[in-house]
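Okay, so here's the structure we're looking at.
The model shown is predicted, which means the values in this text are computed figures rather than measured ones. So you know, we letter chains A, B, ... as the sequences are listed, proteins then strands, and number each from 1.
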Number of protein chains: 2
Amino acid sequence: MSYKDIKEDVLRRITSGQWPPGHLMPSELELCDEYGSARATVNRALRELADEGVLDRKRKSGTRVRRAPLRQARFDIPLTRLEIEGRGAAYRYALVARDLCLAPDWLRARMALGAGVKVLHLTCMHYADGAPFQHEDRWINLAALPQAEDSDFTETGPNEWLVETIPFSDVEIGFGAVVADAALAEFMGCTTGEALFQTERSTWFDGQPVTFVRLCFQAGYRMTTRY
Amino acid sequence: MSYKDIKEDVLRRITSGQWPPGHLMPSELELCDEYGSARATVNRALRELADEGVLDRKRKSGTRVRRAPLRQARFDIPLTRLEIEGRGAAYRYALVARDLCLAPDWLRARMALGAGVKVLHLTCMHYADGAPFQHEDRWINLAALPQAEDSDFTETGPNEWLVETIPFSDVEIGFGAVVADAALAEFMGCTTGEALFQTERSTWFDGQPVTFVRLCFQAGYRMTTRY
DNA sequence: GAGTGGTCTAGACCACGTT
DNA sequence: ACGTGGTCTAGACCACTCT
């Protein structure tokens, strides 16, 4: 039995009611006997199920079926270009505004920036088959990324530039809703007062705040996943 | 070296620029030499980094640092009661309406229900310290869960009842935004026209559609995570 | 064909938490 | 003290995919 077969079989026993929520499962060694597999194989199956929130494992106490499955949803956060192209639509990018300025107070608080820090403020639009898809409001900390000042971002969006420039970062992401004001409605080709799905993202690299971005999606956009 | 140490060291090499995006890493056997570990240990470290979207692995070609890290965000989807209590607020639940009816067409399409299927339609409110926190619009397929008809849901919300009744399910979840109409604004204690964060969830058990729910959160609510 | 990752085995020691 | 899961080792065979 492969570890995948074991995972499937354990899930089957749980969904069939043979192992109800809270049930104490056999120990790894007992399952090794039953499945005729090595302990490492059984262990991998159970460990992955625990990672996925189905099982609860404790040394000495054993492995139990979770009562209220710790439901977790995993979302892919793709580049906007790839998301649009993945739907078979043509991608177009446009730079709306590019502004060098001191970080406003709300941004300094948000990104934990010191006083008098210069930031690059970019406003961009992303289109799918010519229709407004996403409005991007981006702030880049020039103290962390001075070379951003030399890029003009007319051809390539800041997101794509960033992922090629910074290899890895800590990220905080938040989802919410926002009402389209007159300006945003004009960009997004919707009516004023429409509710738009919005994500906010702060990125750090090596402990240093790098960028903050607000993305507003077209009206009716839904971010979905299965698990 | 433990697999965690190896993960850390590989991440350090990536963030330090020693292994830039797209870089071809040493093979597992070479890393075994370098770290003085068994191949299974190195394999687990690299496999987990690939699962997390940092590395890209292919047989024969080897392991590379992802160019555009397929960033994934993991969100916990807690029970509303636990989310509110976890913030140190008092939880209160109220059943607003309970209605037995035939599934409307949009719902039949959404849940892949046959014609003439009876559903239980529930409207509920969840309060945090007395303030409206979440509006729940729930539909339960009585063909899959006939015992739902015997529960009155005045004391316990349908979500808590469901997780105790069904051990495991397939779930499709979507995030979006919705404008508060007059009725919803009254429930949520906000002004009409406010943008509210909304999640929709469809649940299947054993291939059978069980329930569909729309959750509207208080104005300004943000669902956040770090990764 | 050959190199790489994917997986499995049998055995071992350790860490944690309950008793 | 003892039972359980957590992890590591050394070796093996297989599957994919590039040339």
Side-chain angles (χ1 to χ4, degrees), chain A residues 1-14 18-70 72 74 168, chain B residues 1-14 18-70 72 74 168:
Chain A
M1 296 273 280
S2 85
Y3 81 96
K4 286 182 181 174
D5 297 331
I6 296 178
K7 280 179 75 171
E8 247 180 67
D9 190 65
V10 169
L11 277 178
R12 189 190 51 73
R13 292 189 183 194
I14 293 174
Q18 183 182 344
W19 290 344
H23 180 77
L24 179 63
M25 291 177 47
S27 75
E28 292 192 349
L29 286 175
E30 292 172 290
L31 289 174
C32 289
D33 261 10
E34 185 178 338
Y35 290 122
S37 304
R39 205 186 133 214
T41 307
V42 172
N43 178 273
R44 179 165 178 190
L46 299 189
R47 175 162 43 81
E48 291 196 359
L49 287 173
D51 284 345
E52 292 163 18
V54 177
L55 301 179
D56 200 14
R57 315 196 76 193
K58 269 185 201 160
R59 283 156 152 138
K60 170 72 181 175
S61 326
T63 302
R64 288 179 182 279
V65 180
R66 272 211 139 85
R67 280 186 185 284
L70 202 252
Q72 290 181 332
R74 279 169 66 144
F168 193 78
Chain B
M1 296 274 281
S2 86
Y3 81 98
K4 286 182 181 174
D5 296 331
I6 297 177
K7 281 179 75 172
E8 247 180 65
D9 189 64
V10 169
L11 277 178
R12 188 190 51 73
R13 293 189 187 196
I14 294 174
Q18 184 182 343
W19 289 345
H23 180 78
L24 179 63
M25 291 177 45
S27 75
E28 291 192 349
L29 286 175
E30 291 172 291
L31 290 174
C32 289
D33 259 11
E34 184 178 338
Y35 291 122
S37 304
R39 204 186 132 216
T41 306
V42 171
N43 178 272
R44 179 164 177 192
L46 299 190
R47 176 162 40 82
E48 291 196 358
L49 287 173
D51 285 344
E52 292 163 17
V54 177
L55 300 179
D56 200 14
R57 316 195 75 190
K58 269 185 202 158
R59 282 156 154 143
K60 169 71 180 174
S61 328
T63 302
R64 290 180 182 278
V65 180
R66 270 213 140 85
R67 281 186 185 284
L70 201 253
Q72 291 183 330
R74 278 169 66 146
F168 192 79

A:D5 side chain to A:S2 backbone, donor-acceptor under 3.5 Å: yes
A:G22 backbone acceptor or donor facing A:R64 side chain under 3.5 Å: yes
From A:M25 atom CE to A:E30 atom CD, the distance as rounded to the nearest 0.5 Å: 10.5 Å
Approximate separation, where rounding is to 0.5 Å, of B:L49 CG and B:L55 CG: 5.0 Å
Comparing B:R39 and B:V42 on DNA chain D - which has the more 5′ nearest nucleotide: B:V42
Strand-adjacent residues in residues 24-38 of chain B, judged by heavy atoms under 4.0 Å from DNA chain D: B:G36, B:S37, B:A38
Checking [X] now: which residues fulfil side-chain hydrogen bond (donor to acceptor under 3.5 Å, both in side chains) with it, not counting sequence neighbours?
X	answer
A:E48	A:K7, A:R44
B:R39	B:E28
A:S37	none

B:R66 with B:D56: basic N within carboxylate O range, under 4.0 Å: yes
Polar atoms only, N or O, under 3.5 Å: list the protein pairs with nucleotides 14-16 of chain D and their distances.
from, atom 1, to, atom 2, distance (Å)
D:dA15, N3, B:R59, NE, 3.3

B:L31 and B:L46, any side-chain heavy atoms less than 4.5 Å apart: yes
Side-chain touch B:Y35/B:D9, heavy atoms, less than 4.5 angstrom: yes
For atom CZ of B:R57 and atom P of D:dT17, their distance in whole Å: 14 Å
Atom pair distance, as rounded to whole Å: NZ in B:K58 and C1' in D:dC18: 11 Å
Under-4.0 Å side-chain N/O to phosphate OP1/OP2 contact, A:S61 with D:dG3: no
Touch class at under 4.0 angstrom, heavy-atom based, for A:R44 against every strand present: sugar-phosphate
Minimum heavy-atom distance B:A45-B:Y3, with the two atoms named: CB-O, 3.5 Å
5' to 3' contact window, DNA chain C with chain B (heavy-atom distance under 4.0 Å): C:dG3 to C:dT7
